[in-house]
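Since we're looking at a predicted model, the values are computed, not measured.
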Amino acid sequence: FFSETTEEVLISMQTVDLKHSTLEAPWLREIPRPPGFDPNFVQAKDDASSAVSAGKHLAAKQKQVMAIAYGPGKNIMSTAFMLWMSGSSIQIFSLMMTGMALFNPINSIAGINKTFSKYEGEGVDLKIPKLVFLSLQLLALGMALYKCSMMGLLPLTSADWTNYIPHRAALEYAGIPV
């Protein structure tokens, strides 16, 4: 709609200064101005409004970081439901679900700095979001370990360790010698 000679001055990503814009198509010039439109109006920018917008920008980034931190919490209930539906018997489907529930939190914990690297150095405090992210991932990992325990895959009872108990040598033998 705009020709190459149009002088558009972008104030921000969302607003356009239409004061100096000239439209080349004659049918576009015939469209009446909207009610209340003042072609001589120029909004003055002051330092106080830019400081407020910088504060809003930082608050928005902090909100985005916290949304990333709470992201694993949205998956906890669906993972728990899938683990419950897979049953406690050792079958291929239950092993795949348990393996997925084990490896996803481990990979996320290993890549925690990569997850939040986009927001480093921008004045956003990342300590609390990283702790929230880590705690939710540990909760998901705990669910997977509990599932492994219920399936009998974790050696938690004393019967699982009887192979490592040394045999005592008998002091006497009873019976008929051969």
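When the side chains of ILVMFWY residues are joined at heavy-atom separations under 4.5 Å, either directly or via intervening members, Leu95 and Leu141 end up in two distinct hydrophobic clusters. Linking Ile, Leu, Val, Met, Phe, Trp and Tyr residues whenever their side-chain heavy atoms come within less than 4.5 Å places Leu83 and Met100 in a single cluster. Placement of Phe116 and Ile128 in two distinct hydrophobic clusters is found when ILVMFWY residues are connected by side-chain heavy-atom separations under 4.5 Å, directly or transitively. Taking hydrophobic clusters as Ile, Leu, Val, Met, Phe, Trp and Tyr residues chained together by side-chain heavy-atom distances below 4.5 Å, Met150 does not share a cluster with Leu145.
In this structure, the side chains of Val65 and Lys118 stay at 4.5 Å or more apart for every pair of heavy atoms.
Under the 3.5 Å distance criterion, the side-chain polar atoms of Lys147 are matched with a main-chain donor or acceptor of Gly87. A distance-only check finds a donor-acceptor pair linking the side chain of Ser94 to the backbone of Ser89 [under 3.5 Å].
Residue Ser117 holds its OG atom at 11.5 Å from CD1 of Ile112, rounded to the nearest 0.5 Å. Atoms CG and CD, from Asn107 and Gln137 in turn, are 9.5 Å apart once rounded to the nearest 0.5 Å. Rounding to the nearest 0.5 angstrom, the gap separating the CG atom in Leu102 from the CE atom in Met97 is 12.0 Å. Interatomic distance, OG1 of Thr79 versus CG of Asn104, reported as 7.5 Å (0.5 Å rounding). Going from atom CZ of Arg33 over to atom CG of Asp38 covers 10.0 Å, rounded to the nearest 0.5 Å. With values rounded to the nearest 0.5 angstrom, Phe81 atom CZ is found 10.5 Å from Ser86 atom OG.
Checking Thr157 against Asp160 by side-chain atom types alone, a donor-acceptor pair falls below 3.5 Å.
Across all non-hydrogen atoms, the minimal contact from Ala159 to Thr162 is O-OG1, 3.2 Å. Residues Leu139 and Ile76 come closest through the heavy atom pair CD2-CD1, 3.4 Å. Shown here for Ala69 and Pro129, the closest heavy-atom pair between the two residues is CB-O, 3.2 Å.
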Please test Thr98 against Cys148 for side-chain contact (heavy atoms from CB on, under 4.5 Å), starting from the C-alpha separation and ending with a verdict. CA-CA 7 Å; Thr98 308; Cys148 287; 3.3 Å; yes
List the steps and the verdict of side-chain contact (heavy atoms from CB on, under 4.5 Å) for Leu153 and Ile90. CA-CA 9 Å; Leu153 297 176; Ile90 298 179; 3.8 Å; yes
Show your reasoning for whether side-chain contact (heavy atoms from CB on, under 4.5 Å) applies to Phe93 and Met82. CA-CA 10 Å; Phe93 182 72; Met82 286 301 292; 4.0 Å; yes
Steps toward side-chain contact (heavy atoms from CB on, under 4.5 Å) verdict (Tyr119, Ile68): CA-CA 11 Å; Tyr119 298 99; Ile68 291 171; 3.5 Å; yes
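Pairs of residues two or more places apart, or lying in two chains, never qualify as salt bridge (charged side-chain N to carboxylate O under 4.0 Å, His left out) while including a residue from residues 86-99.
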